[in-house]
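Throughout, residue positions are numbered sequentially from 1 according to the sequence presented.
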Amino acid sequence: MLSRAGFPGFVGMPAAVAGGPAYDADADALFARMAVQPSDAEKGYYNTLILALKAAGTWDLRQSYVSLWSHTTQAALLNLKGTSFTPAVAGGAPSFTANQGYTFDGVDDSLSTAWAGADAPQDAVSIDFWFHDTAAFVGNVCGNGSNIRFNPRTTGGSDFMTGRLNNGGSSTATVATAAGLSGMQRTGAGTIQYWRDGAQVGTDVANTSNAVSASALLIGANGAAFQASRCGFYALGGVLTAPQRAAEFAAIDAYRAARGA
């Protein structure tokens with residue numbers, strides 16, 4: 001195996017073959033959908049991420065993996081897994097910075113994930129986002145204006161993670177920062193879990209699901225309520241085990257570090 005990534009903990013790509021390095025078939029399919037081809041180094045980052053997510057056992061569980069840390073806006077708005085759930089700017093003019101993601105102004109900026117609660121089983125679903133903001137948010141930084149919404153760290157001195165996932169509101173233990181890979185997971189009709197950087201935050205929360213919504217999940221807003229923030233990556237769908245979540249976080253974190261995000 002040859003390592004083209006050039007940093008610790010990031011597994012290298014398959015050995016080079018005639019005509020250039022060999023990539024995973026899903027990486028090749030991703031590159032074919034990019035209007036501007038990434039550099040060889042960037043292709044290595046994508047390829048190694050995809051291989052690591054497959055090794056973690058999460059690639060087939062998730063419906064959407066989106067890297068807003070990309071080299072162009074077009075590449076940033078691609079589902080790594082295929083043509084379903086392709087994100088798009090929904091409101092305002094979110095600011096894109098190569099390899100750093102999208103910044104939302106809190107006034108009218110939002111990004112649609114093109115994914116809704118109705119696209120996943122009501123009682124087996126996850127939503128996870130990598131925000132770069134350390135301070136607590138006044139309101140939900142993503143949501144569908146209905147029964148899916150998420151705030152990785154609330155204001156008012158509570159500093160809880162809070163949100164809804166096919167249900168009424170719930171919250172969990174105090175967190176020190178909003179930055180990192182944070183999200184919610186519904187593991188059954190009566191249970192919500194909160195996760196941050198591959199580890200569960202607090203304990204399981206008793207919360208009964210009620211219904212799914214066909215409204216698309218937004219980033220930077222919950223319906224018409226906007227929130228200033230910066231997001232670099234997100235993953236939607238599936239229910240992951242604790243080891244899978246730890247491995248998924250390690251893969252995404254290594255990819256982030258490679259891009260300098």
Exercise: do Asn140 and Arg164 side chains pair donor with acceptor under 3.5 Å:
no

Where is the tightest heavy-atom contact between Thr134 and Thr177, given as atom of each residue plus distance?
CA-OG1, 3.3 Å

Taking it one step at a time, do Leu77 and Leu68 satisfy side chain to side chain contact (heavy atoms under 4.5 Å, CB included)?
CA-CA 7 Å; Leu77 299 180; Leu68 301 178; 4.3 Å; yes

Taking the side chain as C-beta and beyond, is there a heavy-atom pair between Thr174 and Phe160 under 4.5 Å?
yes

Are Asp253 and Arg256 close enough for a salt bridge, meaning some N to O gap below 4.0 Å?
yes

Is a donor from one side chain sitting under 3.5 angstrom from an acceptor on the other, for Ser67 and Tyr255?
yes

Pairs touching residues 100-122 that satisfy salt bridge (charged side-chain N to carboxylate O under 4.0 Å, His left out), sequence neighbours left out
none

Classify the side-chain pair Asn167/Asn207 by whether it contains a donor and acceptor separated by less than 3.5 Å.
yes

Exam field: side chain Ser70 to backbone Thr72, donor-acceptor pair closer than 3.5 Å:
no

Asn99 side chain to Gly260 main-chain N or O, any donor-acceptor pair under 3.5 Å?
no

Using modelled atom types only, decide if a donor and an acceptor are shared between the side chain of Asn222 and the backbone of Phe150 within a distance under 3.5 Å.
no

Ion pair check, Lys54 and Asp26, cut-off under 4.0 Å:
yes

Kindly determine whether Ser209 and Asp123 satisfy side-chain hydrogen bond (donor to acceptor under 3.5 Å, both in side chains), including the steps that lead there.
CA-CA 7 Å; Ser209 67; Asp123 297 324; 2.5 Å; yes

So, for Phe137 and Ser229, which heavy atoms are closest and what is the spacing to 0.1 Å?
CE2-CB, 3.8 Å

Thr97 side-chain N/O to Gln100 backbone N/O, donor-acceptor pair under 3.5 Å:
no

Would you say that Leu80 contacts Val66 through its side chain, given a criterion of any heavy-atom pair below 4.5 Å between the two side chains?
no

List the atom of Ser64, the atom of Lys81, and the distance in Å for their closest heavy-atom pair.
N-CD, 4.5 Å

Using atom types as modelled, flag every donor-acceptor pair under 3.5 Å from a side chain in residues 237-252 to any protein atom, sequence neighbours excluded.
residue	atom	partner	partner atom	Å
Thr241	OG1	Gln244	N	3.2
Thr241	OG1	Gln244	OE1	3.3
Gln244	OE1	Thr241	N	2.9
Gln244	NE2	Gly57	O	3.4
Arg245	NE	Gln185	OE1	3.2
Arg245	NH1	Asp128	OD2	3.0
Arg245	NH2	Ser126	OG	3.2
Arg245	NH2	Asp128	OD1	3.3
Arg245	NH2	Gln185	OE1	3.1
Glu248	OE1	Arg62	NH2	3.0
Glu248	OE2	Arg62	NE	3.0
Glu248	OE2	Arg62	NH2	3.4
Glu248	OE2	Tyr65	OH	2.6

Output yes when a side-chain donor or acceptor of Arg149 lies under 3.5 Å from a complementary backbone atom of Asn144, and no otherwise.
no

What about the rings of Tyr102 and Phe96, do their centers lie closer together than 6.0 Å?
yes

What is the minimum heavy-atom distance between Gly220 and Phe104, and which atoms define it?
CA-CG, 3.9 Å

Where do Asn166 and Gly117 come nearest, in terms of heavy atoms and distance?
OD1-CA, 4.3 Å

Answer yes or no for Arg259 and Tyr46: cation-pi contact, defined as NZ/CZ to six-membered ring centre under 6.0 Å and angle to ring axis within 45°.
yes

Sub-3.5 Å donor-acceptor pair from the side chain of Asn79 to the main-chain atoms of Ser84, do we have one?
yes

Backbone N/O of Ala221 and side chain of Gln227: donor-acceptor pair under 3.5 Å:
no

Across all chains, not counting sequence neighbours, the side chain to side chain donor-acceptor pair (under 3.5 Å) partners of His132 are Trp69, Arg230

Walk me through whether Phe85 and Thr113 qualify under side chain to side chain contact (heavy atoms under 4.5 Å, CB included).
CA-CA 6 Å; Phe85 310 118; Thr113 65; over 6 Å; no

Taking salt bridge (Lys or Arg N to Asp or Glu O under 4.0 Å) as the test, write out the residues that go with Asp133, two or more places apart.
none

Which pairs count as salt bridge (charged side-chain N to carboxylate O under 4.0 Å, His left out) when at least one residue sits in residues 187-210, sequence neighbours excluded?
none

Between Arg33 and Ala75, is there a donor-acceptor pair closer than 3.5 Å when you use the side chain of the first and the backbone of the second?
no

All heavy atoms of Ser112 vs all of Ala216, minimum pair found to be OG-CB, 3.6 Å

Can Asp159 and Thr154 be said to form a side chain to side chain contact (heavy atoms under 4.5 Å, CB included), step by step?
CA-CA 5 Å; Asp159 289 331; Thr154 60; 5.6 Å; no

Does the ring center of Phe233 lie less than 6.0 Å from the ring center of Phe129?
no

Evaluation steps, side chain to side chain contact (heavy atoms under 4.5 Å, CB included), between Gln193 and Thr187:
CA-CA 7 Å; Gln193 297 174 341; Thr187 60; 3.6 Å; yes

Who else is in Trp195's hydrophobic cluster (ILVMFWY, side-chain heavy atoms under 4.5 Å, direct or via others)?
none

Are the side chain of Thr191 and the backbone N or O of Gly188 linked by a donor-acceptor pair below 3.5 Å?
no

